[in-house]
2 protein chains.
Amino acid sequence: MAKTDRFGYKISMSMLLQKCTEAGLKITDQRKVILKVLEESEDHPSVETLCERARQVDSSISIATVYRTLGLLNELGLVLKHDFKDSSARFEVDHGHHYHLVDTETGQVVEFQSEELVALINKIAADLGYQMVDHTFEMFGHKLKK
Amino acid sequence: MAKTDRFGYKISMSMLLQKCTEAGLKITDQRKVILKVLEESEDHPSVETLCERARQVDSSISIATVYRTLGLLNELGLVLKHDFKDSSARFEVDHGHHYHLVDTETGQVVEFQSEELVALINKIAADLGYQMVDHTFEMFGHKLKK
DNA sequence: GTGCTTTTTGCGAACCATTCGCATAAACTT
DNA sequence: AAGTTTATGCGAATGGTTCGCAAAAAGCAC
Ligand SMILES: [Mn+2]
Ligand SMILES: [Mn+2]
Ligand SMILES: [Zn+2]
Ligand SMILES: [Zn+2]
């Protein structure tokens, strides 16, 4: 279960309200629905998939709005965008740093964390004389047969 | 200087001739030009850029052929395709495993190797019960100011 | 609530990297 | 050289994503 704020809102929803307000952006039903639907998704849906799910809540939501909203949520730091080598981008609510291993046989996405990896990456950047601002890392593989 | 085979061909060109022959593919001027031009590129050109460079050698080369040839060279394992978050893909002749750090201020691509990173990645996959078949890793950052 | 201003939405069109179909051309085989 | 196969160039199609615009909704001030 995701954490909630003192009003019972999920944290990401609470952040949406706060960030929109302080940036002079309007809080629309579409934005709330799209964020909520993404929050409740257990996978890493594409824009198309997310739009279908959002339309089950509000059938008038257009795909252009889903694109624009995901772009906005991404800028606000609430949503992450990934490239899993599909033709289209995949999204998820940012729930803390983690990486992805895509099972090339099933398409399933395994999430994992590795402090060791984070530390090594930062060390590599520093050794090269760089301040890292972002990085992408995805693994592709299949289950080990024994 | 890239290594050459006993006939003086660069290794990648030599491999092209060999792999095409054994796969029943034809060795065309276009394929040779495109591979040679990419071999001589010191950067990681886009299809568009590579096509321009190839056209300086043979002005009739079409961009469709550049796309098809890069796809082929990639399948043959001679060429690598990268996603540096640009709108378009970037290519290079495979010259041994290395990673990329893209300078977000200059666009410059810094190459680096890290045995430690390779080892850690393989360990992570194995710990998850997976056989890794591929992975992508790119860093984005800017020079450290002191 | 009513207005008034600003932002957002839905729609369809545009964009643009990449892929395709097809007729012609070039490469390989005999 | 002739025959067969594969590759090329061209322009059209594709498909994910972005844009322009008029209409709708949100926020703000009475
Ligand atoms: Mn509404
Ligand atoms: Mn020729
Ligand atoms: Zn995830
Ligand atoms: Zn490189």
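Values reported hereafter were calculated over all heavy atoms of this structure, with side chains retained and with hydrogens, waters and symmetry mates removed. Lettering follows sequence order; numbering is per chain, from 1. Everything quoted here is computed from the prediction, not taken from an experiment.
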Considering just the side-chain nitrogens and oxygens of [X], establish if one lies under 4.0 Å of OP1 or OP2 belonging to [N].
| X | N | result |
| --- | --- | --- |
| B:T28 | D:dT8 | yes |
| B:R68 | C:dT19 | no |
| A:T65 | C:dT8 | no |
| A:Y67 | D:dT17 | yes |

How many Å lie between [atom1] on [X] and [atom2] on [N], as a whole number?
| X | N | atom1 | atom2 | result |
| --- | --- | --- | --- | --- |
| A:L25 | D:dA26 | CG | C1' | 12 Å |
| B:L50 | C:dT18 | CG | P | 12 Å |
| A:I63 | D:dG16 | CD1 | P | 9 Å |
| A:D58 | D:dA24 | CG | P | 15 Å |
| A:K85 | C:dA17 | NZ | C1' | 18 Å |
| A:K32 | C:dT8 | NZ | C1' | 14 Å |
| A:I61 | D:dA24 | CD1 | C1' | 15 Å |
| A:D86 | C:dT18 | CG | C1' | 16 Å |

Checklist entry - If each of B:E48 and A:Q30 is mapped to the nucleotide of DNA chain C with the nearest heavy atom, which maps nearer the 5' terminus, i.e. the 5' end? => result A:Q30

Item to check | Most 5' of B:I27 and B:K81 on DNA chain C, judged by nearest nucleotide | outcome: B:K81

Item to check | Test item: A:R55 side-chain N/O and A:I61 main-chain N/O as donor-acceptor pair under 3.5 Å | outcome: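 Checked: pair present.
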
Item to check | Backbone of B:Y130 reached by a side-chain donor or acceptor of A:K143 within 3.5 Å | outcome: no

Next on the checklist: Under 4.0 Å, heavy atoms only, any strand: does A:S60 hit a base, just the sugar-phosphate, or nothing?
Outcome noted: sugar-phosphate

Checklist entry - In terms of side-chain geometry, is the basic nitrogen of B:D134 or A:K85 positioned less than 4.0 Å from the acidic oxygen of its partner? => result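 Yes, B:D134 and A:K85 are salt-bridged.
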
Checklist entry - Centroid-to-centroid, B:H100 to B:F84, below 6.0 Å? => result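 Yes, the ring of B:H100 comes within the 6.0 Å limit of the ring of B:F84, centre to centre.
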
Next on the checklist: I want to verify a distance call: between D:dT17, C:dT18, C:dT9, whose nearest atom is closest to the A:V47 side chain?
Outcome noted: D:dT17

Next on the checklist: When you group the ILVMFWY residues by side-chain heavy-atom contacts below 4.5 Å and let the links chain together, are A:L80 and A:V47 in the same group?
Outcome noted: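 As far as the 4.5 Å side-chain criterion goes, A:L80 and A:V47 are not connected within one cluster.
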
Checklist outcome for this item: Whichever of B:K26 and B:T69 has the more 5' nearest nucleotide on DNA chain D, that residue is B:K26

